[in-house]
Trainee: 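Mind having a look at this structure? Questions to follow.
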Amino acid sequence: VSVGLGEFKLDAAFTSPSRMTVLFGPSGSGKTTILNLIAGEQIPRSGYIRCCGVTLTDTAARIFVPKHRRRVGYVYQDSQLFPHLTVEQNLKFGRWFSGSRPGELPFAKVVEALGIGALLKRRPTRLSGGEKQRVALGRALLSNPRLLLMDEPLASLDGARKEEILQLIEHIRDEFSVPMIYVTHALDEARRLAATAVRLRDGRVEAVGPAADVLG
């Protein structure tokens with residue numbers, strides 16, 4: 001895809017066969033822009049985006065699937081939970097919005113996997129940073145996504161909480177069959193999580209392939 005945002009230009013192309021793909025690079029390299037294009041929050045100037053055999057965007061064919069129909073779960077840096085809803089309501093919001101589909105993840109299984117059963121009646125203001133990210137992960141999973149996007153979900157957490165959420169992400173990667181694209185500029189996170197890595201700089205793909213080869 002290609003996109004122009006003021007002085008920033010993105011011209012990136014990659015494919016990944018892996019369940020976990022990491023977009024790695026310095027701040028301003030285009031990582032979050034790529035997530036926003038996949039999620040349908042931005043429209044490219046030209047190009048196409050295909051996920052799991054489904055075309056989400058194709059400018060030449062004038063295809064642009066609205067973001068609410070893309071079945072893309074998005075976990076942001078700051079969780080972006082709804083403050084007026086309880087944890088349980090936040091979790092169920094994604095499922096309500098996506099509707100019921102065959103093969104969707106059971107609510108109880110997601111709650112158990114993330115260890116958030118004791119938090120269901122709380123509101124986000126009563127949660128720690130790590131708890132908020134657990135709930136954000138749960139909400140994204142319960143939206144029945146074909147793809148899960150994570151934009152530096154550990155950026156605002158301290159060391160102990162980072163390790164906690166990293167272990168959860170590994171558990172999600174191994175337990176649930178949902179492909180993930182994970183954005184980070186932290187080399188240790190990228191090496192630990194990725195099967196496939198995409199290294200970006202200044203809006204362009206420098207390298208793509210097995211993480212061990214791309215990240216060194």
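Quantities reported herein were computed from a predicted structural model and do not represent experimental measurements. All values below come from the heavy atoms of this structure, side chains included, with hydrogens, waters and symmetry mates left out.
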Trainee: Below 3.5 Å, can you tabulate the donor-acceptor pairs from side chains in residues 75-83 to any protein atom, sequence neighbours excluded?
Mentor:
unit_1: Y76; atom_1: OH; unit_2: E41; atom_2: OE2; d: 2.8

Trainee: Do you know which two heavy atoms are closest between V178 and R19, and how far apart they sit?
Mentor: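 Looks like O-CG, 3.9 Å.
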Trainee: Identify whether V65 and L35 are in the same connected component of the hydrophobic contact network (ILVMFWY, side-chain heavy atoms under 4.5 Å).
Mentor: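 Shared cluster, no.
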Trainee: Apply the hydrophobic cluster definition, ILVMFWY joined by side-chain contacts under 4.5 Å directly or through others, and give me every member besides I43.
Mentor: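 Via sub-4.5 Å side-chain contacts, I43 links to F64.
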Trainee: How far does NZ of K132 sit from CG of L157, to the nearest 0.5 angstrom?
Mentor: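 Nearest 0.5 Å value for the NZ-CG distance: 10.5 Å.
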Trainee: Looking at every non-hydrogen atom in both residues, tell me the closest pair between V87 and V135 and how far apart they are.
Mentor: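 Between these two residues, the closest heavy atoms are CG1-CG2, 3.7 Å.
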Trainee: Identify which one of D174, I172, L148, I169 satisfies the side chain to side chain contact (heavy atoms under 4.5 Å, CB included) criterion when paired with M20.
Mentor: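 With M20 as partner, D174, I172, L148, I169 yield a single side chain to side chain contact (heavy atoms under 4.5 Å, CB included), made by I169.
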Trainee: Less than 4.5 Å apart, side chain to side chain, heavy atoms only: is that true for Q89 and H84?
Mentor: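 Not touching, per the 4.5 Å side-chain cut-off.
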Trainee: Answer yes or no for K31 and F24: cation-pi contact, defined as NZ/CZ to six-membered ring centre under 6.0 Å and angle to ring axis within 45°.
Mentor: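 No - K31 does not lie over the ring of F24 by the 6.0 Å and 45° rule.
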Trainee: To the nearest 0.5 Å, what is the distance between CD1 on I116 and CG on N90?
Mentor: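 It comes to 10.0 Å.
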Trainee: List the steps and the verdict of side-chain contact (heavy atoms from CB on, under 4.5 Å) for R146 and V54.
Mentor: CA-CA 10 Å; R146 61 165 59 93; V54 177; 3.9 Å; yes
Trainee: Nearest 0.5 Å, what's the OG-CZ distance between S2 and R45?
Mentor: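 It comes to 4.0 Å.
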Trainee: In Å, rounded to the nearest 0.5 Å, how long is the span from CG of L154 to CD of E163?
Mentor: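 Going from the CG atom of L154 to the CD atom of E163 covers 9.5 Å.
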Trainee: Return the CG to CG distance between L120 and L91, rounded to the nearest 0.5 Å.
Mentor: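 Those atoms lie 6.5 Å apart.
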Trainee: In Å and rounded to the nearest 0.5 Å, what is the CZ to CG distance from R122 to L127?
Mentor: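 Answer for the CZ-CG pair, R122 versus L127, is 6.5 Å.
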Trainee: So does G130 get a backbone contact from the side chain of R161, meaning a donor-acceptor N/O pair under 3.5 Å?
Mentor: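 Between the backbone of G130 and the side chain of R161 there is no qualifying donor-acceptor contact (under 3.5 Å).
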Trainee: Please name the pair of heavy atoms, one in G209 and one in V214, separated by the smallest distance, quoted to 0.1 Å.
Mentor: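 Result for this residue pair: N-CG2, 3.4 Å.
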Trainee: Decide salt bridge (charged side-chain N to carboxylate O under 4.0 Å, His left out) for E164 and R134; before the verdict, give the C-alpha distance in whole Å, the side-chain angles of both, and the deciding distance to 0.1 Å.
Mentor: CA-CA 10 Å; E164 172 187 308; R134 284 173 178 261; 3.0 Å; yes
Trainee: Is there a donor-acceptor contact under 3.5 Å from the side chain of T21 to the main chain of T196?
Mentor: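 Not at all, since once roles are kept as given, no pair shorter than 3.5 Å links the two residues.
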Trainee: Judged by atom type as modelled, is there a donor-acceptor pair below 3.5 Å linking the side chain of S128 to the main-chain atoms of E131?
Mentor: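 The answer is yes, because a donor-acceptor pair under 3.5 Å joins these two groups.
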Trainee: Would you check, one step at a time, whether the test side-chain contact (heavy atoms from CB on, under 4.5 Å) holds for R50 with L56?
Mentor: CA-CA 6 Å; R50 296 193 183 107; L56 301 177; over 6 Å; no
Trainee: Do E152 and T184 meet the criterion of a side-chain donor-acceptor pair at a distance under 3.5 Å?
Mentor: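 Judged by distance alone, the side chains do not pair up.
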Trainee: Go through it in stages, so that I can follow the logic: the residues are L193 and R173, the test is side-chain contact (heavy atoms from CB on, under 4.5 Å), and I'd like the CA-CA distance, side-chain angles, deciding distance and then a yes or no.
Mentor: CA-CA 9 Å; L193 292 173; R173 178 195 63 196; 4.3 Å; yes
Trainee: Heavy-atom distance under 4.5 Å between the side chains of K92 and R139, does that happen here?
Mentor: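 No, side chains not in contact.
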Trainee: Please say which of I38, T59, I49, D11 ends up in a side chain to side chain contact (heavy atoms under 4.5 Å, CB included) with V1.
Mentor: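 Considering I38, T59, I49, D11, a side chain to side chain contact (heavy atoms under 4.5 Å, CB included) with V1 is found only for I49.
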Trainee: Identify whether the distance between the nearest side-chain nitrogen and carboxylate oxygen of R192 and E170 falls below 4.0 Å.
Mentor: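 Looking at E170 together with R192, the answer is yes, because their closest N to O distance falls below 4.0 Å.
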Trainee: We want to know whether R62 and T57 form a side-chain donor-acceptor pair, criterion being a heavy-atom distance below 3.5 angstrom.
Mentor: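 Per modelled atom types, R62 and T57 side chains form no pair under 3.5 Å.
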Trainee: Starting from the C-alpha separation in whole Å, work towards a yes-or-no answer on side-chain contact (heavy atoms from CB on, under 4.5 Å) for Y74 and M150.
Mentor: CA-CA 6 Å; Y74 205 147; M150 299 190 201; over 6 Å; no
Trainee: Taking R70 for the side chain and L147 for the main chain, is one N or O donor matched with an acceptor at less than 3.5 Å?
Mentor: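 Judged by distance alone, no pair lies under 3.5 Å.
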Trainee: What are the two closest heavy atoms between R191 and L215, and how far apart are they?
Mentor: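 That would be NH2-O, 3.4 Å.
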Trainee: Measure across V110 and G138 and return the closest heavy-atom pair with its distance rounded to 0.1 Å.
Mentor: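 Smallest heavy-atom distance, with atoms named: CG1-CA, 3.9 Å.
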Trainee: Nearest heavy-atom pair of I34 and A12: which atoms, and what distance?
Mentor: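 So the minimum-distance heavy-atom pair works out to CD1-CB, 4.2 Å.
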Trainee: As a quick check of understanding, evaluate side-chain hydrogen bond (donor to acceptor under 3.5 Å, both in side chains) for T86 and R123, giving each step before the final call.
Mentor: CA-CA 4 Å; T86 65; R123 296 189 187 275; 5.9 Å; no
Trainee: Do Y182 and D151 have a side chain donor and acceptor closer than 3.5 Å?
Mentor: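 Y182 vs D151: no donor-acceptor pair found between side chains.
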Trainee: Write out all pairs satisfying side-chain hydrogen bond (donor to acceptor under 3.5 Å, both in side chains) with one or both partners inside residues 202-216, taking only residues at least two apart or from two chains.
Mentor: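 Output for this query lists R199-E206, R201-E206.
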Trainee: Do the side chain of D58 and the main chain of Y48 share a donor and acceptor less than 3.5 angstrom apart?
Mentor: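 Such a contact is absent between D58 side chain and Y48 backbone.
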